[in-house]
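Throughout, protein chains are lettered first and strands after them, A, B, ... in sequence-line order, and every chain is numbered starting at 1.
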Amino acid sequence: MNGWTTSELMAAEMSRHIADGEVAIMGAVSALPMAACRLAQATHAPASWFVAGGSGAVNPHATPLPQSSCDDRLLDAACVLPLPEVVMLEGRGDVFDVFFAGGLQIDAFGNTNLERIGRAEHPRLKGPGGVGLSFLPLAGRVVIYTMTHDPRTLVEQVDFVSGPAKSLTGRGPVLIVTPLCTMDFDPDTGRARLRTVHPGVTADQVRAATGFALAVQDSVPETEPPSRRDLEVLRRLA
Amino acid sequence: MNGWTTSELMAAEMSRHIADGEVAIMGAVSALPMAACRLAQATHAPASWFVAGGSGAVNPHATPLPQSSCDDRLLDAACVLPLPEVVMLEGRGDVFDVFFAGGLQIDAFGNTNLERIGRAEHPRLKGPGGVGLSFLPLAGRVVIYTMTHDPRTLVEQVDFVSGPAKSLTGRGPVLIVTPLCTMDFDPDTGRARLRTVHPGVTADQVRAATGFALAVQDSVPETEPPSRRDLEVLRRLA
Amino acid sequence: MSSKVVSTHDAVAALSFKTLAAGGMHMHNNPMAVVFEIVRQERRIERLITSPSAALAADVLIGAGLVDEVATSYIGFEHLGLAPCFRRAAEAGAVRVLNLDEASITHGLYAGASGLPFAVLPPALELSDVWRSNPTGYRKVIDPFTGVAVLATEAIRPDVAVIHAAEADERGTAWLAGASFTDRLMAMASKRVVVQAERVVSSQTMKEHPAGSTIPGFLVTAVVEAPGGCRPTASHGNYAYDEAALQEYLRMARTAEGFAEWMPRAVPAAR
Amino acid sequence: MSSKVVSTHDAVAALSFKTLAAGGMHMHNNPMAVVFEIVRQERRIERLITSPSAALAADVLIGAGLVDEVATSYIGFEHLGLAPCFRRAAEAGAVRVLNLDEASITHGLYAGASGLPFAVLPPALELSDVWRSNPTGYRKVIDPFTGVAVLATEAIRPDVAVIHAAEADERGTAWLAGASFTDRLMAMASKRVVVQAERVVSSQTMKEHPAGSTIPGFLVTAVVEAPGGCRPTASHGNYAYDEAALQEYLRMARTAEGFAEWMPRAVPAAR
């Protein structure tokens with residue numbers, strides 16, 4: 001714990017993947033991507049936008065950030081879209097630059113699964129369902145995040161594709177952020193590869209915690225820790 | 001001029017065709033049906049509803065009534081629907097009991113035309129277009145009104161069907177109200193027939209002003225004139 | 001003018017339905033007062049239709065064993081955890097799950113509200129496994145302009161929608177405070193609408209609310225006054241969700257026995 | 001943070017389009033400031049797309065000879081009379097009219113805003129002559145759930161929408177006062193959006209407006225400050241339509257010569 005939590009490190013890392021002027025969107029369980037978006041707005045991307053999930057709030061100002069993506073405190077925002085209109089715009093394929101997505105399972109290609117673990121009949125675990133993950137092929141880029149880095153979550157192949165890795169109008173998944181590391185995707189194989197390890201984590205630890213064969217380069221850089229400014233912002237939001 | 005204008009007589013007559021609890025809708029040039037709806041609410045149908053055309057206003061309170069169906073003064077209302085939602089609900093076929101419709105041409109079967117007079121190529125008169133008249137088959141009943149009763153307006157067959165007489169979910173056109181008379185439709189032939197003549201108008205005058213062969217019974221009753229109460233209400237709205 | 005305001009008991013007793021839609025998103029605006037009454041009256045729901053993200057309302061109805069099949073894109077409790085009764089019933093095969101996604105629910109409700117025979121979907125949705133897992137809900141259709149096969153889903157026309165509002169008047173006009181989610185669309189798509197309101201107010205009060213935040217009374221069958229009627233979920237503009245109470249629910253409802261114990265506490269008159 | 005506020009001249013000069021959608025309904029919220037600038041710059045419009053009921057904006061663009069074809073369900077001046085330039089051009093065959101109805105425009109814009117490949121329509125629309133008169137805009141499609149042929153129309157995706165707002169901020173977020181008609185839907189369906197606003201305000205002011213009354217700035221390309229920019233049509237919440245001025249327009253525009261005389265008065269810098 002070098003003066004920051006794993007969540008803070010992850011939020012800071014995620015924020016760096018939003019460029020100025022871009023529009024991000026997220027679904028449920030979105031405290032982390034909301035913090036990342038707010039951090040981006042407070043630092044390098046003041047003109048970026050985000051739509052806070054089911055609330056339809058565009059650039060919510062709430063401080064601290066509520067845990068629920070549908071909280072009415074989010075409605076203190078630049079403006080608010082009725083939820084059906086958010087869903088409509090997700091279909092256009094040229095509106096949202098970054099889609100933050102999670103999953104019960106995330107596979108080596110960046111497919112995500114919120115549906116079930118196991119077979120269709122009597123699954124071992126029935127998940128909640130994928131909500132808007134089927135829109136991922138229309139996002140500019142997909143940033144996947146999970147708070148659970150273990151071999152049951154990071155799998156060779158998802159049991160069900162809620163969020164497809166294949167993209168129609170964008171680049172598809174470009175990043176996975178976990179409590180241990182960040183991964184990106186090999187352009188030739190389409191498979192996830194280790195991009196950075198978080199400070200204090202080794203590549204071997206990551207490999208052991210990952211359910212698929214993870215490509216690892218000889219020397220893996222460390223994830224850039226959050227700056228003091230990042231932490232100031234993130235702690236105001238927490 | 002027995003103490004009331006033709007418009008007042010027409011509005012009073014139209015108001016009688018709205019039953020309590022019913023929902024009416026109208027398009028543009030709707031001062032007359034709006035007055036009729038307000039009169040119905042003030043008299044025999046206090047629980048009736050109407051949606052004032054493009055404004056989306058439900059039961060507008062504006063007094064006097066604006067001439068334009070899209071006036072912002074209409075928004076002082078029981079509630080306001082965004083226009084796309086009015087259009088949506090028109091498609092359901094079980095929401096609107098009465099649809100008030102007009103036309104450049106109205107034919108013997110109750111088809112209405114706001115599109116053109118003459119052929120498609122180089123029409124003699126290009127009308128504005130039918131807007132929502134193609135929804136008439138989904139209304140409970142259609143009440144047609146016109147301020148022009150002449151053989152060019154009331155024709156045997158419209159040159160273009162903007163508002164179809166055929167109904168899918170309701171009864172279709174049940175009434176035509178003009179400055180001279182009211183007509184209803186013969187259930188066997190589907191053709192318009194003289195129902196009442198306005199006070200001071202003869203059946204022969206109506207026949208001469210009508211471009212189709214109008215069925216006329218031996219004795220045609222007079223249109224019931226507006227009551228004193230009707231006139232009080234209508235004059236407050238004018 | 002007759003009033004549409006009735007008791008929760010009478011509102012539910014008067015309903016005739018096979019398909020029922022329940023409003024609210026996540027732990028917000030779940031119409032629990034009417035849902036608990038449906039449980040009390042043990043009303044069978046052939047098909048429950050949820051918003052894109054359902055929570056307690058759906059989980060309770062499923063837990064009570066009233067739901068034959070559920071058309072949904074998500075039932076869960078967001079950061080608090082999975083939906084225990086839904087999970088248990090789905091894993092056991094006790095409820096049939098008709099998988100949708102938020103686009104299919106939204107565009108399906110839009111089609112229902114608009115009298116459209118079905119709903120066409122954005123091309124991306126073909127890439128997920130959702131439509132393949134629900135052959136009754138999805139079909140391919142040939143785009144008549146391009147000749148390409150695209151994905152379509154059923155129009156959603158619930159027999160009854162149950163919606164929570166902050167305010168309603170006697171004529172049925174309702175105001176949805178805060179975010180209205182897909183609740184207004186659900187009301188517009190449904191043949192009958194039951195509104196539970198925090199407060200019954202005068203029509204004069206009602207008319208101050210902005211366009212697009214209300215449901216016109218002519219779409220509403222019955223109004224139930226239910227102050228606190230979303231608890232333990234939130235009622236936008238009125239109260240937050242009760243996280244401790246929801247956590248307790250999630251803990252107890254982990255087993256059928258625990259759920260059976262929780263229910264009468266939440267619904268004093270139930271069972 | 002760079003501002004999206006530019007001059008009317010620069011906003012129009014920067015646009016590249018084949019299809020252009022103009023907002024407003026009847027004599028309300030016609031985006032005349034931008035329309036007059038389009039006339040001044042003599043920008044050709046391959047296809048003009050109107051709201052369900054267009055008036056002055058469409059009539060002026062057609063009168064100026066800039067419109068090859070117009071997709072519309074109504075161009076007129078409600079109780080004031082027919083649209084003189086539209087009428088003259090359509091009768092002479094100088095403009096191609098793609099007949100739609102309000103359902104096709106609304107559902108077509110919804111499809112455009114949602115990335116749907118096309119729009120299915122309610123069954124009633126088949127009974128009118130509208131779709132038969134516009135073979136490019138309509139096709140039959142086989143409902144994959146029933147096997148019945150139903151009517152479909154094209155998704156509407158204008159290259160540019162021009163919308164009037166009461167307020168906009170520097171980041172492009174716009175507030176539509178009063179009735180927003182189909183203008184928000186038009187903005188959501190269009191690839192680029194130019195907003196003309198009565199007032200440019202701070203983002204702080206903007207955020208007070210209710211959900212569903214705004215267009216988020218990320219959909220807006222340029223903002224033009226245009227006080228009085230709807231005249232002689234109305235600007236909801238700001239001023240009524242000028243009936244005398246509209247009557248004068250209707251009188252003068254009855255002939256091409258009269259329209260040519262009217263234009264420079266309305267647009268001092270034109271021609």
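Contact tally against chain A (heavy-atom pairs below 4.5 Å) for D/G115, D/S114, D/A113: the top residue is D/S114. Between chain D and the residues A/V58, A/V51, A/L75, A/V23, the largest count of heavy-atom pairs under 4.5 Å involves A/V23.
Heavy atoms of other residues, nucleotides or ligands lying less than 6.0 angstrom from CZ of A/R235 number more than 12. With a 6.0 Å radius and a threshold of 12 heavy atoms from other residues, nucleotides or ligands, A/K166 has its NZ atom at or below the threshold. The 12-atom threshold is not exceeded at CZ of D/R192, counting heavy atoms of other residues, nucleotides or ligands nearer than 6.0 Å. A 6.0 Å sphere centred on CD of A/E232 holds more than 12 heavy atoms belonging to other residues, nucleotides or ligands.
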Please report the C-alpha distance between D/R171 and A/W49 in whole Å, then the side-chain angles of each, then the deciding distance to 0.1 Å, and finally whether the side chain to side chain contact (heavy atoms under 4.5 Å, CB included) criterion is met. CA-CA 10 Å; D/R171 300 200 59 197; A/W49 303 85; 3.3 Å; yes
Side chain to side chain contact (heavy atoms under 4.5 Å, CB included) assessment of A/N59 paired with D/K207: CA-CA 10 Å; A/N59 291 356; D/K207 81 188 187 67; over 6 Å; no
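To the nearest 0.5 Å, atoms CG (A/D97) and CZ (D/F218) are separated by 10.0 Å. Between atom CZ of residue A/R92 and atom CZ of residue D/R157 there is a gap of 9.0 Å, rounded to the nearest 0.5 Å.
Inter-residue side-chain proximity for A/P82 and D/R184 is flagged as met; some heavy-atom pair is nearer than 4.5 Å. Annotation: side chain of A/E85 is not in contact with side chain of D/L185 (no heavy-atom distance under 4.5 Å).
For a residue to count as touching a neighbouring chain, one of its non-hydrogen atoms must lie under 4.5 Å from one of that chain's; by this rule D/L219 touches chain A with the side chain only. Looking at A/S48, only its backbone comes within 4.5 Å of chain D, counting heavy atoms on both sides. Residue contact with chain D, scored on non-hydrogen atoms closer than 4.5 Å, involves the backbone and the side chain of A/A47 alike. Contacts of D/S203 with chain A are absent, with no heavy-atom separation under 4.5 Å from either backbone or side chain. With a threshold of 4.5 angstrom between heavy atoms, D/A111 does not approach chain A through any atom at all.
Taking 4.5 Å as the heavy-atom cut-off, none of the residues of residues 134-154 of chain D approach chain A.
Nearest heavy-atom pair across D/P216 and A/L81 is CD-CD2, 3.8 Å.
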